[in-house]
Amino acid sequence: MRVSRALIPTLREDPGEAETVSHRLMLRAGLIRKVAAGIYTYLPLGLRIIRNIEAIVREEMNRAGAQEILMPIASPAELWKETGRWDFYGKELLRFKDRHERDFCLGPTHEEVVTDLFRREVRSYRQLPVNFYQIQTKFRDEIRPRFGLMRGREFIMKDAYSFDRDEAGARLSYQKMYDAYTRIFTRCGLTFRAVEADTGLIGGTSSHEFMVLADTGEETIVYTEGGTYAANVERAELLPEPEAPPEPQQPLQAVPTPQASTVEQVTALLKISPRQLVKTLLYSAGQETVAVLVRGDHEVNPIKLARLLGVVETTMAAPDIVTSVTGAPVGFAGPIGLRNIRILADYAVKNVRNMVVGANKAETHYLNANWDRDFTVTEFADLRNAQAGDPSPRGDGPLRVVKGIEVGHVFMLGTKYSQAMNARYLDQQGQEQLAVMGCYGIGIGRTAASAVEQNHDSKGIIWPLPIAPFHVLLLPLSPSEAVTKKAEELYQQLTEAGVEVLWDDRDERAGVKFNDADLIGVPFQLLIGDKNLAQGLVEWKERKTGQVQKLTPEQVLALASGLAAQ
RNA sequence: CGGGGCGUAGCGCAGACUGGUAGCGCACUGCGUUCGGGACGCAGGGGUCGGAGGUUCAAAUCCUCUCGCCCCGACCA
């Protein structure tokens, strides 16, 4: 491709709208342009990267035995009503009506549509297992789209759905996808980790997320040094702490804490450690309000709470509920004297003696409260987020914390959707059985953005070769006839040899070309200048290291052809 | 949805407080010179100042409403 004929609108300056590295660089390198919040056009270079990732995904999915199909973006409400997700999915599901006033939505995921296909077309155990996948545009009306392709509303996703005869089969299908994902992200040149995860809106019995490690990641993951345990912090399990030796119980005492309602303020005022304070948080779970006790230096995990209570979702209680339950303004809730409400406490609270708690009275806290003397805990449970230093549930050392970007997610669905939609097959005995499902997603655009997060320097992007928009960027450095002629010749020879070459044939000065080349991040630059050419040499420069080799055109041809063949 | 910020030429911004008919850099067009890390000269083109309404002799500027975009938050009582 010739730069002079292509739309590659690089920007000299950082666009004002972008903060994150990948967002900024993808705009500056002329890969994408925004159409609306979270909605982007892929320009020629950006699309080439997307297509490269898709090709790797496709190869590995096919290799794993999955069959490619393509489902529609619009789907009718009826299917979603069958599984209850028409109501359950909430505002993220973009709904609309057709001209006949029939309800439709833009598919955020395709369990309903694929399960409908399965129940209509697949009859026999002999046809199982099957795995259908597609690479398609999804729409999720995100609360807050951000960071360019990282969290878009419209985005390209590979989604796959497996159907098996039984749990054991489903586990095999799941493992195949897990292995395929490992190969895919490895081939894309990413540093990643598969972690245990929560199943969220998709549901199901268990899941793993594939996390690209990056400081800008929106997800927090915990893992152990030895690598035997890794989980999303939403999911990471914490075991009960060993019981601490008893301490003498001090008398309960109410103290004024004027202007101090947060943990920070109260601990500063009373000159105590946050570990000595126990927060009392009120949560709404459906109609019920519950009190949740966690140590001052810990955070409640609302997903764990919801799971314990057997509800879909828990939210912080509204201030008026807090006031009516505790009789005090927000900031002074405590467990002592709370009536008609379940009091759930995190395991760690059990070991806090003579704790500080809110007094259910404005600007007042209690000192020296003890759970076995002053109030009743309905249940101790794992209710908080793991943090660095917590013990691993596998007993293999302290947990460490890193940030990650979720690029892939695999789920064991069980029979959640087959049951709801009556997707059955006939087994060997002629009996109807529910298909056991799994589903598996990869964010294609997010994978591209993650690659930028992990591979860049101050000058721009450094694409891993397998997903790079081109293998080689050909840079004639002067407009002399000799240079122009040699560039044209090499362009043709390389292209014929199967090397993907971007030829910067613009009438620009060398500096401009160098800067754009570094920004776009094609892995290798082929420099043609008068001085070297006079000796029959050209330069081969690696973007990542800046290393330059002076080679003959023949050597370049051999080298580049070898790379392209990889 | 809550908080903060921003919409002025393709991009980055100034002008607004103190109202007087729009400017800078880059990019773009033409000609010439230049040519290995973002060249230079000369001559040009391009903006209903996000939109609507209002105040005023006069509005990018003041007031009201509205649309869009970005950032933080939406768990810590």
Side-chain angles (χ1 to χ4, degrees), chain A residues 7 9-20 23-24 27-28 30 33-39 90-91 143-148 233-234 257 260-267 274 277-284 291-306 313-319 321-323 325-326 328-335 346 356-360 362-363 365 383-385 459-460 475-481 483-484 504 506-519 525 527-533 538-539 541 546 548:
Chain A
L7 181 64
T10 55
L11 303 174
R12 280 199 185 196
E13 290 166 276
D14 277 336
E17 69 184 57
E19 300 278 321
T20 325
H23 189 194
R24 219 171 58 221
L27 285 168
R28 276 195 62 197
R33 284 293 183 266
K34 186 179 67 189
V35 175
I39 299 178
K91 287 189 176 174
I143 267 184
R144 188 175 157 209
R146 57 180 145 183
F147 308 151
V233 73
E234 292 176 346
T257 50
S261 61
T262 66
V263 169
E264 213 171 46
Q265 291 161 347
V266 173
T267 53
L277 181 95
V278 167
K279 298 186 280 195
T280 304
L281 287 348
L282 295 173
Y283 274 84
S284 293
V292 180
L293 272 48
V294 294
R295 228 165 63 186
D297 58 329
H298 288 157
E299 296 178 358
V300 170
N301 180 321
I303 294 171
K304 289 181 179 177
L305 177 63
E313 191 181 35
T314 56
T315 53
M316 298 289 295
I321 297 179
V322 175
T323 308
V325 169
T326 67
V330 168
F332 302 93
D346 179 65
V356 172
V357 294
N360 296 325
E363 318 215 313
H365 281 75
L383 290 172
R384 67 178 177 95
N385 283 340
K459 294 173 179 174
L475 287 183
L477 298 174
S478 91
S480 77
E481 199 176 324
V483 165
T484 308
D504 195 344
R506 293 175 300 172
D507 182 19
E508 286 287 356
R509 299 173 70 85
V512 174
K513 295 186 185 183
F514 278 128
N515 283 312
D516 274 349
D518 290 344
L519 177 61
Q525 299 172 7
L527 315 183
I528 304 177
D530 287 300
K531 279 180 212 150
N532 285 308
L533 194 57
V538 295
E539 283 165 289
K541 181 174 172 184
V548 178

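Side chains included, hydrogens not; waters and symmetry mates left out as well; all remaining heavy atoms used. Predicted, not measured: the structure shown is a model, and the values here were computed from it. Within every chain, numbering begins at 1; the chains are lettered A, B, ... in the order of the sequence lines, protein sequences first and strands thereafter.
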Quiz item: To the side chain of A:V300, which of B:rA74, B:rC75, B:rG38 is closest?
Solution: B:rC75
Quiz prompt | Given A:V233, A:V294, A:V300, A:I303, the one that forms side-chain contact (heavy atoms from CB on, under 4.5 Å) with A:N385 | solution = A:V233
Self-check item: Span that lies between the P atom of B:rA43 and that of B:rU48, in whole angstrom
Solution: 26 Å
Quiz item: Out of B:rC35, B:rC69, B:rA77, which has the shortest distance to the side chain of A:K279?
Solution: B:rA77
Self-check item: A:L305 and A:V292, any side-chain heavy atoms less than 4.5 Å apart
Solution: yes
Quiz item: Could you give the CD-to-P distance, from A:E264 to B:rA77, as a whole number of Å?
Solution: 9 Å
Self-check item: Contact nearer the 5' end of RNA chain B, comparing A:L282 with A:T10
Solution: A:T10
Quiz item: Is there a side-chain contact between A:L533 and A:V483 (heavy atoms, below 4.5 Å)?
Solution: yes
Quiz item: Is a donor on one side and an acceptor on the other found under 3.5 Å between the side chain of A:N360 and the backbone of A:G334?
Solution: yes
Quiz item: When rounded to the nearest Å, what value does the distance between P atoms of B:rG50 and B:rA14 take?
Solution: 14 Å
Quiz prompt | Pairwise P distance for B:rU29 and B:rU61, with rounding to whole Å | solution = 34 Å
Quiz item: Looking only at N and O atoms, is any donor in the side chain of A:D530 or the base of B:rG36 less than 3.5 Å from an acceptor on the other one?
Solution: no
Self-check item: Base partner of B:rC13, which must satisfy Watson-Crick or wobble distances under 3.5 Å
Solution: B:rG23
Quiz item: For B:rG37, which nucleotide in any strand shown is its Watson-Crick or wobble partner with both distances under 3.5 Å?
Solution: none
Quiz item: A:D346 side chain to A:L383 main-chain N or O, any donor-acceptor pair under 3.5 Å?
Solution: yes
Quiz item: A:K34 near the nucleic acid: base, sugar-phosphate alone, or nothing, with a heavy-atom cut-off under 4.0 Å?
Solution: sugar-phosphate
Practice problem: Between B:rG38, B:rC71, B:rC76, spot the one nearest the side chain of A:D516, thanks. | Solution: B:rG38
Hey, what are the protein-to-nucleotides 27-29 of chain B N/O distances that come in under 3.5 Å?
| residue | atom | partner | partner atom | Å |
| --- | --- | --- | --- | --- |
| B:rA27 | OP1 | A:R12 | NH2 | 3.4 |

Self-check item: Nearest-Å distance once atom P is located in both B:rU34 and B:rG41
Solution: 15 Å
Practice problem: Please give the nucleotide sitting opposite B:rC62 as a Watson-Crick or G-U wobble pair, both distances under 3.5 Å, or none. | Solution: B:rG54
Quiz item: Just how far, in rounded Å, is P of B:rC35 from CD of A:E481?
Solution: 16 Å
Practice problem: Using heavy atoms to find the nearest nucleotide of RNA chain B for A:S478 and A:A317 separately, return the residue whose nucleotide is more 5′. | Solution: A:S478
Quiz item: To the nearest Å, how far apart are A:K304 NZ and B:rC75 C1'?
Solution: 14 Å
Quiz item: Rounding to the closest angstrom, what is the interatomic distance between B:rU8 and B:rC62 at atom P?
Solution: 16 Å
Quiz prompt | B:rA43 - base-pair partner by Watson-Crick or wobble geometry, distances under 3.5 Å | solution = B:rU29
Practice problem: Find the distance A:N515:CG to B:rC26:P and express it as a whole number of Å. | Solution: 16 Å
Practice problem: Assign A:V330 to base, sugar-phosphate, or nothing according to its heavy-atom contacts below 4.0 angstrom with the strands shown. | Solution: base
Quiz item: Mind checking whether A:R506 and A:D516 have side chains closer than 4.5 Å, heavy atoms only?
Solution: yes
Quiz item: Counting any heavy atom closer than 4.0 Å, what does A:E539 reach on the DNA or RNA strands: base, sugar-phosphate only, or nothing?
Solution: base
Quiz item: OG1/A:T10 to CG/A:D518 distance, rounded to the nearest 0.5 angstrom?
Solution: 12.0 Å
Quiz item: If you draw a 6.0 Å radius around CD in A:Q265, do more than 12 non-hydrogen atoms from other residues or ligands fall strictly inside?
Solution: yes
Exercise. Name the nucleic acid region contacted by A:N532, choosing base, sugar-phosphate or nothing; use a 4.0 angstrom heavy-atom cut-off, strictly under.
Key: base
Self-check item: Nearest-Å distance for atom pair CD1/C1', residues A:I39 and B:rC70
Solution: 16 Å
Self-check item: Any side-chain heavy-atom pair of A:R28 and A:L519 under 4.5 Å
Solution: yes
Measure all distances between protein nitrogen or oxygen atoms and nitrogen or oxygen atoms of nucleotides 10-13 of chain B, and list the pairs falling under 3.5 Å.
| residue | atom | partner | partner atom | Å |
| --- | --- | --- | --- | --- |
| B:rG12 | OP1 | A:G16 | N | 3.2 |
| B:rG12 | O2' | A:E13 | OE2 | 3.2 |

Practice problem: Could you check whether A:R33 gets within reach of a base, just the sugar-phosphate, or nothing at all, counting any heavy atom under 4.0 Å? | Solution: nothing
Exercise. Round to a whole Å and report the spacing from CG of A:D518 to P of B:rG36.
Key: 17 Å
Practice problem: Please identify each residue that fulfils side chain to side chain donor-acceptor pair (under 3.5 Å) with A:R146, with sequence neighbours left out. | Solution: A:E218
Quiz item: The side chain of A:F147 lies closest to which of these nucleotides: B:rG37, B:rA77, B:rC71?
Solution: B:rC71
Quiz prompt | Residue A:I143, side-chain atoms from C-beta onward, closest of B:rC75, B:rA74, B:rG37 | solution = B:rA74
Quiz item: Do A:K91 and A:I143 come within less than 4.5 Å of each other through their side chains, counting heavy atoms only?
Solution: no
Self-check item: Quiz item: A:E19 side-chain donor-acceptor pair to B:rC71 base, under 3.5 Å
Solution: no
Exercise. Sequence neighbours left out, what passes side chain to side chain donor-acceptor pair (under 3.5 Å) with A:E234? Give chain and number order.
Key: none
Self-check item: A:K279 side-chain N/O to A:H298 backbone N/O, donor-acceptor pair under 3.5 Å
Solution: yes
Practice problem: Please state the P separation for the pair B:rA52 and B:rA59 - nearest whole angstrom. | Solution: 14 Å
Exercise. Scan A:A18 against the nucleic acid and name what it touches under 4.0 Å (heavy atoms): base, sugar-phosphate only, or nothing.
Key: nothing
Practice problem: From the options B:rG38, B:rG36, B:rC35, select the nucleotide whose nearest atom is closest to the side chain of A:V512. | Solution: B:rG38
Exercise. Taking A:K513 for its side chain and A:P476 for its backbone only, find out whether a donor-acceptor pair lies under 3.5 Å.
Key: yes
Quiz item: Rounded to whole angstroms, how far apart are CD1 on A:I303 and P on B:rA74?
Solution: 13 Å
Quiz prompt | Backbone of A:P302 reached by a side-chain donor or acceptor of A:T314 within 3.5 Å | solution = yes
Quiz item: Can you tell me if the side-chain N/O atoms of A:R509 get under 4.0 Å from OP1 or OP2 in B:rG38?
Solution: no
Quiz item: Contact class for A:S480 vs. all strands (heavy atom < 4.0 Å): base, sugar-phosphate, or nothing?
Solution: nothing
Quiz item: With both distances under 3.5 angstrom, what nucleotide forms a Watson-Crick or G-U wobble pair with B:rG68?
Solution: B:rC6
Pull out every protein N or O sitting under 3.5 Å from an N or O of nucleotides 7-9 of chain B, one pair per line with the distance.
none

Quiz item: When the P atoms of B:rA16 and B:rG23 are considered, how many whole Å apart are they?
Solution: 15 Å
Quiz item: Below 3.5 Å, does any donor atom in the side chain of A:K541 face an acceptor in the base of B:rG37, or the other way round?
Solution: yes
Exercise. Taking ring-ring contact (aromatic ring centres under 6.0 Å, His included) as the test, write out the residues that go with A:H365, two or more places apart.
Key: A:F332
Quiz item: Starting at NZ of A:K531 and ending at C1' of B:rG36, how long is that distance when rounded to a whole Å?
Solution: 7 Å
Quiz prompt | Gap in Å between the two P atoms, one belonging to B:rA9 and one to B:rG5, rounded | solution = 22 Å
